[in-house]
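Each remark here refers to the structure printed beneath this line.
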Amino acid sequence: MIRRLVALLTVVSLSGCAIWGTEGGPSGAGAAKPTATAEASSVPVTASRGADGVQRIEITIGDDLRLRPDTVRATTGTIEITFRNSGVTPHDISVDTVPAVDGGNVNGGDTRTVTVTVTQPGTYPMPCAYHVTSGMQGTLEIVDPS
Amino acid sequence: MRDRLAGWPARLLLRVLVVVAASAGVVWPASAAQAHEVAGAGATNFRTTLSALAPAVSGVSLSVVENGSRLQAVNVTGEDLIVQGYTGEPYAKIGPDGVFVNDNSPATYLNTDRYATTVVPSGVDGKGEPRWRKVSSENVYRWHDHRIHWMLKTLPAPVAADPSAEHRVSDWTVALDYGGQTLTATGSLDWVPGPSPTLWLLLAMAIAILVGAGGILPRGGYRLLAAGTGLLLAADLLHSAGVAVAETGSLAQRLGALFGADAIALFVWPFGILAAWRLAYASRFAAVVAACVGTLLGFSMALDDAPVWWRSSAPTGLSMTVDRVTVAVVIGASAGLIIAVAALGLRSALRRAAAVTAAEAAAAVARSGTATGESDVDAATQPASEPVGSLSRDDGDEGGDTGRGAASDGGGREGDVVAVGESGPSGVARRSVAGYLAASGVGVVAGAAVGIGLRTGDAPVSASTSTTGPALSDVGAARVAYHGLRQAGIAVPVRPQAHSWVAAFDLVDGVDAKALQGLLRQWSAAAARLADGQGVGQPDDHLVTGSGPCALTVTFGFGPSLFGKAGIPETARPVALAPLPAFTGERLDPGASDGDLGVVVAADDPLVVFHAARVLERIAAPVARVRWRQTGFAATPGATALGSTGRNLMGQVDGTNNPKPADPDFAAKVFVTGDDQPAWLRQGSYLVVRRIRMLLDDWDRLTLDAQQKVIGRRKDTGAPLSGGQETTPANYGTTQADGSPVIPVNAHIRMAAPAFNNGAAMLRRGWSYADGDRAGLLFLAYQADPRRGFIPVQQRLAGNDALSRFIRHEASALFAVPGGVPDGGFVGQDLFGKDAA
Ligand code: HEM
Ligand SMILES: [Cu+2]
């Protein structure tokens, strides 16, 4: 009897636990897990250098609280980063160079461009002021041009 | 006759109600998902903890309310308290004139919604002058603070990978400005898995079977259903009241929580009460209504609230166990009512079929009706055309019962039953059951509504001080909770307290596991009381009478030598807890080094530290003896500017480049998070203690310039010699005119920095010590693994860095610091596994 019950429970939990929202059923069955693509997005993308010598990159920010790409590689110099908000939740990404450059609020559907000039090679975090507790942070990797 | 008439209005009312119920059932599922949530948050495994608000100010308190959904600030002082927004701008102002929000802060717009799906008007950036808008004239404000809770609708990756383990999701800080100083609230967001739901599911099934039996039992079946309906209503009401109590909002919001979304309960509960009442008079139609009510309440409960069975917390004023029971009762009783009505329907269908068969066989004389096999059914008195769902009573169930009292049993009409009831003892019982159910149902609903309406605020977990009696200073009143996911005294409070007592104990020979566990249990209980500012019930409590807890923390650790004693196998010793290797130049005093158990007591008052240390020593006496002890000190709170880094006895600013709680990798550097360490160490840390003597006479002979080069930082500001301010990152590439580096190659910071040690990092949290002519640094460092912290760094520094000439390591110890102590538990209990006594 108990064994049947457990079997039934398992069937229910595997199929229908999503009705209980993000956290799902017992032992996390049916929980809303981050998608594989969300996890495997840490491939650095290099900013492309324009004729004027400025390096440019567009980063998409969305309701999944991720930056895509989440790691941008560039060389020392001026970098222009455009944040495109593809979702509905506002974000505010800063580039934590010294001193930090605050991108300001970007509402859903909006874009905003920030320009930073970096002279020191290193890795600089790009956290979202609203969502950093939930892990919304990218990285700017600056290397020597040589 | 009068009674027969009296039955009709009730019958009519029920019929009208059932139509309403049916239509309510159509709209119900849509609103069910929002029912019984507080501010958009239901049962959850995420846990937001506020660990400290420092410095504490009496009259100002902060707390996490609505199960982590919001923060609440209370300010009863005469000065404004300003909550900083996401980029440090002023966001909300709570003060004597009421509560104001800054329309020029993005937080004002973001914080209106739990998931911040809002729009910030253009031009609002928090940079300009605040535009204050008054929102209330109270002295309390509650807001969704997105720094304290999980903002995604998918789980964090580590949690998704292993949902049944505990995880530290993040650490958070929220800053508040008050009277020219910054109050920092620090806390954490954790994933705490809940229990197994099996027990509660079994309870619900047992209740379902019990109530469902009401549809089959020949005797007392309806009374069982009436009781089941009453139980269902009571449990649903209790559950809803619990939710309403957790709601901290306005009266309307609290009543909304009580009655569910769209106040649906206001429509459903009256049906239930009426059905329970009519059920006591054995109305089959009432059973159908009760089943409808049960379907509505039970389904919404299962959809919405069943997760309380397997999640660790829920927004409720009830204890989790009581809350889980109410959910099991509602779901179980509802299922029971549905089963019962199905059984009733089946039985009367069978009976009708039997009656038809009997008629066809022309066996009119066979009045015994035995053909059906149901000896208690009098086929002749049961009209075959009786429709299911009418208000007529079902004689089949009650016939035998009422037959006891009166000769009119054969009548079988409702009005007669009432008459019978008046003369028969069981009828009286039924009527009073019905009366009580109806009256108490209405009374409880009204009472709960009034109670919840009148309730003025609750007592949420708070990191602030109580304001009874003459106010203590900020320093005295500061309180750091002993219980938590991690031990206090490591990352909390952020600034090390002004006084400390660091000691090691050795177990007395022959102590067994039970005695050791007893000691740890008593130590934990005492530490929890002392941290809360309470005495331990001994005469020497008067040593601290009148003083507050002064941010007292007690941190316990296990030394390598503990393993192999008191029944703990040597093999249980974590690999990382191997005794430290010997380092160049050290001259260690074995009597002042190592030890089975390590204890760090720290507080902002020397008497409070002394008292706590004595209490712990006394508790240990029969089981463990002090091997060595050392007191330490730092600047008195208030002596230096708030938030400034302390200085050591060489006069340097010391602690600047420590890992910060707000760093994303803070926990990974300082706390044991990985699976490569034993489970009892999870959320724990490794503590290295070194008593480092400073050769101050030699040091004093150096010029200021030479002293600065030894460390690589300026003595006045603590700024790196490469320029900038204290917090400016050091630039190790900056060179002087002659091409030599500005920060010399053997400067202490160059040789100690993680960048030059493969990332090896630690949280230094030491104190100065001075005993007679010996003085120096009581160096304490916490790290996730000493092999990726103290050991490689010290191997590099020893004998090599410029500081080596002016210091001498004289004592040393290493301890594994277990994770935090749950309320009712004791430190390190997981080390003892199942045999924990
Ligand atoms: C009496 C002995 C010591 C003194 C007076 C001393 C003093 C200092 C000072 C003034 C700083 C710069 C400010 C700061 O970032 O905190 C510093 C940094 C540091 N010290 Fe020490 N220290 C001592 C011993 C040690 C030992 C034994 C270790 C570890 C093996 C150590 C590890 C570090 C680390 C990791 C830093 C930070 C380097 C960076 O990332 O910039 N120190 N120390
Ligand atoms: Cu964001």
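Being a predicted model, the structure only gives us computed values, none of them experimental. Reminder, nothing fancy here: chain letters follow the sequence lines and each chain counts from 1.
- Between B/Thr154 atom OG1 and A/Asp63 atom CG the span is 11.0 Å, to the nearest 0.5 Å.
- Heavy atoms closer than 4.5 Å to chain A are found nowhere in B/Asp113, neither backbone nor side chain.
- Heavy atoms from other residues, nucleotides or ligands lying under 6.0 Å from NZ of B/Lys127 number more than 12.
- With a 4.5 Å cut-off on non-hydrogen atoms, B/Thr44 touches chain A through its backbone and its side chain both.
- Contact between A/Glu23 and B/Phe46 at its shortest, heavy atoms only, is OE2-CD1, 3.5 Å.
- Using a 4.5 Å cut-off between heavy atoms, B/Pro729 touches chain A through its side chain atoms alone.
- One N or O on the side chain of A/Asn107 and one on the backbone of B/Val120 form a donor-acceptor pair closer than 3.5 Å.
- Minimum heavy-atom separation, A/Pro90 to B/Val119: CG-CA, 4.5 Å.
- At a threshold of 4.5 Å between non-hydrogen side-chain atoms, the residues B/Arg147 and A/Val132 do not count as touching.
- Note that CG of B/Leu152 and NE2 of A/His131 are 8.0 Å apart. Values are rounded to the nearest 0.5 Å.
- Your options are B/Pro307, B/Ala306, B/Pro195, and the one with the most heavy-atom pairs under 4.5 Å with chain A is B/Pro307.
- Under the 30°/60° scheme for interplanar angles, the aromatic rings of A/Tyr130 and B/Tyr86 are found to stand perpendicular.
- At distances below 3.5 Å, not a single donor-acceptor pair connects side-chain atoms of B/Trp309 with backbone N or O atoms of A/Pro26.
- For the pair A/Ser134 (side chain) and B/Met151 (backbone), a donor-acceptor distance under 3.5 Å is present.
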Q: Please assess A/Asn105 against B/Val124 for the test side-chain contact (heavy atoms from CB on, under 4.5 Å), listing each intermediate value before the final yes or no.
A: CA-CA 8 Å; A/Asn105 182 75; B/Val124 170; over 6 Å; no

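- Between B/Leu189 and A/Thr133 the shortest side-chain heavy-atom distance falls below 4.5 Å.
- For the set B/Asp145, B/Val159, B/Leu155, the entry with the most heavy-atom pairs within less than 4.5 Å of chain A is B/Leu155.
- Using a 4.5 Å cut-off between heavy atoms, B/Pro664 touches chain A through its side chain atoms alone.
- Atom CZ of A/Arg84 has 12 or fewer neighbouring heavy atoms from other residues, nucleotides or ligands inside a 6.0 Å radius.
- Contacts between B/Asp125 and chain A at a heavy-atom distance below 4.5 Å are absent for every atom of the residue.
- Screening residues 137-146 of chain A for salt bridge (charged side-chain N to carboxylate O under 4.0 Å, His left out), with sequence neighbours left out, gives A/Arg73-A/Glu141.
- Counting non-hydrogen atoms of neighbouring residues, nucleotides and ligands closer than 6.0 angstrom, the CG atom of B/Asn758 reaches no more than 12 such neighbours.
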